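Single-structure report; data block below.
All values reported here derive from a predicted model rather than from experimental measurement. Side chains included, hydrogens not; waters and symmetry mates left out as well; all remaining heavy atoms used.
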Amino acid sequence: MNVTLSNNGAFVVTDEEGNMSEGHHGFYLLDTRFLRGVSLQVVPRPEFTGSSSTFEMAFSYFSLDGGTFLVRRRRLGGLYEERLTFYNPSPKPLEIGVKYSYEVPLEDIFQVRGFMGFRGEPPLQGGGFYSRGSNGEWRALRVESDMKREGEDLTAHFRILPGGSAEFFVRFLPEVVGKVSGIIGDNPVGIKNPIFTGSSLDLVFERASEDVTALTLSTVYGPVPLAGLPHFACPFGRDAIITSMFLLPYYPEYARGTLGFLSSIQGRKNDSRSEEEPGKIAHEFRLGMLTHTGRVPFGPYYGAVDATPLYVALAGEYLLWTGDEVLIESLRRNLTMAVEWILQKLDDGYITYVPGILGNKGWKDSADAIVDEKGRSARPPIALVEVQGYAYWALRLAGSLRLTEFNGGLLLREARKLRKRFNRDFWLEDYYALALDGNGEPLRVVSSNMGHLLITGISEHSEETAERLFHPDMLSKYGVRTLGSEERGYNPFSYHRGSVWPHDNALIALGLAAMGRMDLAKELAGRIFAAAELMPRRELPELYSGLDELVPVPRANSPQAWSAASVFALVTASLGMKAWEDLVIEPAEGISLVLRGVKFRGRNYTIRINGGIEIEAS
């Protein structure tokens with residue numbers, strides 16, 4: 001079992017004893033692995049007895065000969081520190097020898113992953129200070145310890161008297177110099193006061209709050225959620241937007257930070273390598289040296305086709321919840337460019353894509369995610385069903401809320417035209433096609449993607465769609481599957497063809513609430529919460545299997561930001577909580593809780609539901 005620490009773009013992965021032995025173990029900061037290969041050897045040999053951890057600190061416990069104990073403490077917060085404390089409660093003195101070994105690779109995350117053929121860097125030797133860089137990009141590590149240095153190892157030989165103790169430390173102090181360092185904020189941020197419901201969900205909320213905080217990057221624009229650990233500790237446009245959307249009624253500062261950050265890296269030109277286009281919102285912004293010296297096109301990479309309409313939708317929803325016209329006015333030019341990008345794509349009918357670095361460019365972006373009824377990969381260019389819904393959502397909000405420099409009436413007319421042709425081309429008797437392929441033919445596959453339409457307002461068949469999602473082939477015991485179990489391409493352990501994703505279900509639940517199906521929203525939320533309560537620490541990972549028993553999928557990232565934030569969205573959906581002229585609460589039957597910490601138009605609210613509804617402002 002791995003132990004993970006995480007704080008403001010830095011994270012550490014070790015085994016339970018505190019060593020770094022497996023392939024992705026290490027100390028990382030901003031897409032650079034600074035440390036790997038850590039091992040602790042003690043004579044006499046200790047016996048491991050257990051561990052405990054939070055995202056800030058981890059403890060491993062050992063017993064030695066003669067009743068001596070060792071506590072190995074690891075702490076992350078601007079630096080990575082280990083402290084070794086020995087206690088000797090026995091009546092005899094004990095001679096102890098310590099050897100602490102480590103390697104400093106200063107390697108990019110793409111080298112750790114072997115992505116695009118890159119290989120890991122050999123470890124550096126520097127006697128306590130290590131540095132690697134080029135073209136104005138530098139990564140350095142300083143190592144401090146009160147143990148003796150012997151080559152690249154740290155050693156200590158000492159005697160502990162009866163009733164005595166001894167302590168040693170080693171500190172790893174990283175430094176990042178270059179383009180990325182200018183966007184990082186001074187102070188770590190996150191959820192300091194978790195939402196409490198006064199119900200059995202509180203432990204789930206606490207864990208979700210810890211996960212979101214662990215994946216929060218402090219930037220000059222405000223907090224921005226990172227995607228997930230261990231391989232996606234960087235901003236992803238789509239992930240950050242959806243996470244911020246889920247948190248809007250509780251922590252609107254995430255939406256503010258995400259909108260500001262994504263606006264700062266919005267596309268300005270056409271670049272086939274990074275897939276940048278004017279107005280386009282970035283998919284992924286990597287923070288390592290390979291990216292910012294130009295060796296890989298991820299600084300940023302613009303491959304996704306859904307981030308741009310979702311960006312506009314987030315701005316509209318942010319304005320509805322906060323009334324913050326100042327921010328929207330400051331982003332008006334960015335929002336205009338984004339809507340212009342959407343309109344240009346819709347000139348051809350729909351927003352489509354062809355494979356690039358990513359095989360698929362919606363939220364289901366694995367290479368085999370988008371299949372036809374025979375289980376074959378779809379022929380490009382591909383028009384995904386949910387992306388057209390996002391485009392409608394963006395145009396509707398941009399037009400009605402005057403988010404851009406475009407005439408609002410024009411945008412609403414374009415939205416209506418899109419809605420009409422969409423329902424003509426995508427609707428297949430009792431469900432929406434997964435996508436249209438390069439021939440304009442619908443992919444006759446039942447998938448969760450159509451559930452995202454419910455929140456956007458584009459569907460003319462919302463009731464039929466909702467009911468179809470609750471058929472046995474789509475609904476497992478623990479949530480809606482990404483692909484129906486009767487489809488040829490179904491695999492309950494796959495990434496996107498039959499597994500269950502909490503964020504996917506949360507979007508569906510919000511859509512069910514938006515259309516007034518509070519019974520289904522509550523039921524779906526209950527299934528996801530049931531999964532969370534069965535997890536070891538009540539966490540929601542990136543995904544789990546689509547079976548009717550809770551089976552983890554090994555490749556799933558945990559913590560994952562939009563999965564953790566799904567907890568908040570599911571409560572929002574269960575309460576029928578919406579932002580209009582006033583805060584609207586229309587809960588499902590049988591809901592009983594007290595919800596503290598809701599924010600609407602600059603005020604805090606406590607909501608009490610127990611046979612009636614009480615809304616108290618403060």
Side-chain angles (χ1 to χ4, degrees), residues 5-14 18-21 23-41 56-58 72-84 97-112 118-158 167-186 188 218 230 233-234 286-293 295:
L5 309 179
S6 183
N7 178 270
N8 197 28
F11 68 96
V12 173
V13 183
T14 69
N19 295 318
M20 300 176 182
S21 55
H24 66 272
H25 282 184
F27 167 36
Y28 299 77
L29 173 64
L30 304 179
D31 276 339
T32 299
R33 180 157 68 172
F34 285 82
L35 187 66
R36 71 185 186 200
V38 168
S39 67
L40 175 66
Q41 300 174 49
E56 293 79 29
M57 193 169 292
R72 184 178 187 180
R73 183 181 71 184
R74 286 131 26 232
R75 179 176 66 90
L76 180 65
L79 54 81
Y80 176 50
E81 179 185 75
E82 288 211 46
R83 285 192 174 271
L84 310 174
V98 173
K99 179 181 178 182
Y100 187 99
S101 303
Y102 62 91
E103 297 177 353
V104 179
L106 298 183
E107 58 187 339
D108 193 279
I109 187 67
F110 288 124
Q111 295 168 314
V112 177
F118 286 99
R119 303 295 182 191
E121 296 278 7
L124 295 174
Q125 295 183 356
F129 184 82
Y130 309 80
S131 180
R132 175 172 277 147
S134 64
N135 298 332
E137 293 286 331
W138 291 89
R139 306 294 183 267
L141 184 71
R142 187 169 77 253
V143 182
E144 298 177 348
S145 180
D146 56 0
M147 290 184 279
K148 181 181 179 181
R149 185 173 297 280
E150 294 185 4
E152 290 305 302
D153 298 327
L154 301 173
T155 63
H157 301 275
F158 56 96
E167 183 172 273
F168 301 91
F169 73 87
V170 56
R171 296 189 190 104
F172 300 96
L173 297 94
E175 183 178 5
V176 174
V177 176
K179 297 176 183 177
V180 170
S181 55
I183 69 167
I184 306 304
D186 294 332
S218 173
C234 69
R286 283 292 176 178
L287 308 166
M289 280 204 305
L290 287 183
T291 294
H292 294 286
T293 55
R295 296 177 66 188

field: Donor-acceptor contact below 3.5 Å, side chain R36 vs main chain G23
entry: no

- request: May I ask you to decide whether R83 forms a salt bridge with E167, counting only side-chain N to carboxylate O separations under 4.0 Å?
  value: yes

field: Ring centres under 6.0 angstrom apart (Y102, F172)
entry: yes

query: Taking all non-hydrogen atoms of both residues, which atom of A140 and which atom of F129 are closest, and how far apart?
result: CB-CZ, 3.9 Å

- request: List the atom of P174, the atom of G78, and the distance in Å for their closest heavy-atom pair.
  value: CD-O, 3.8 Å

- line: Smallest heavy-atom separation, N8 atom then I184 atom, equals ND2-CG2, 4.5 Å

message: Go through it in stages, so that I can follow the logic: the residues are R73 and E81, the test is side-chain contact (heavy atoms from CB on, under 4.5 Å), and I'd like the CA-CA distance, side-chain angles, deciding distance and then a yes or no.
response: CA-CA 8 Å; R73 183 181 71 184; E81 179 185 75; 4.3 Å; yes

- prompt: Nearest 0.5 Å, what's the CD-CG distance between E107 and L290?
  reply: 10.0 Å

query: Shortest non-hydrogen contact from F34 to L141?
result: O-CD2, 3.7 Å

field: Inter-residue atom distance R72.CZ - N19.CG, 0.5 Å rounding
entry: 4.5 Å

message: Testing the basics here: between Y100 and L40, what is the closest heavy-atom pair and its distance to 0.1 Å?
response: CD1-CD1, 4.1 Å

- request: Kindly confirm or rule out a cation-pi arrangement of R171 over F169, judged by NZ or CZ under 6.0 Å from the six-membered ring centre and within 45° of its axis?
  value: yes

- request: Given side-chain contact (heavy atoms from CB on, under 4.5 Å), test L173 with E144 step by step and report yes or no.
  value: CA-CA 8 Å; L173 297 94; E144 298 177 348; 3.8 Å; yes

Pairwise distance CE(M147) to CG(L154) - rounded to 0.5 angstrom: 5.0 Å

message: Using side-chain heavy atoms (C-beta onward) and a distance below 4.5 Å, is R295 in contact with F110?
response: no

Closest heavy-atom pair and its distance - E152, G126: OE2-N, 3.8 Å

message: What's the separation between atom CG in D31 and atom CD1 in I109, rounded to the nearest 0.5 Å?
response: 6.0 Å

- prompt: Between E82 and V38, does a side-chain contact (heavy atoms from CB on, under 4.5 Å) hold up when you go through it step by step?
  reply: CA-CA 11 Å; E82 288 211 46; V38 168; 3.9 Å; yes

- line: In this structure, CE of M57 is separated from CG of L76 (nearest 0.5 Å) by 10.0 Å

- request: Without swapping roles, check the side chain of D153 against the backbone of K99 for a donor-acceptor pair under 3.5 Å.
  value: no

task: Identify, with sequence neighbours excluded, every residue that meets side-chain contact (heavy atoms from CB on, under 4.5 Å) alongside E137.
output: R139, K179, M289, H292, T293

field: Atom pair CD (E121) and CD (Q111), whose distance is rounded to the nearest 0.5 Å
entry: 4.5 Å

message: Quick check on the 6.0 Å ring-centre criterion: do F27 and Y80 meet it?
response: yes

message: So, using ring pair (Phe, Tyr, Trp, His ring centres under 6.0 Å) as the criterion, who are the partners of F168 when residues are at least two apart?
response: F158

task: Could you go through the side-chain contact (heavy atoms from CB on, under 4.5 Å) check for L124 and L106 one step at a time?
output: CA-CA 8 Å; L124 295 174; L106 298 183; 3.4 Å; yes

field: side-chain contact (heavy atoms from CB on, under 4.5 Å) partners of E150, counting only residues at least two apart
entry: K148, T155

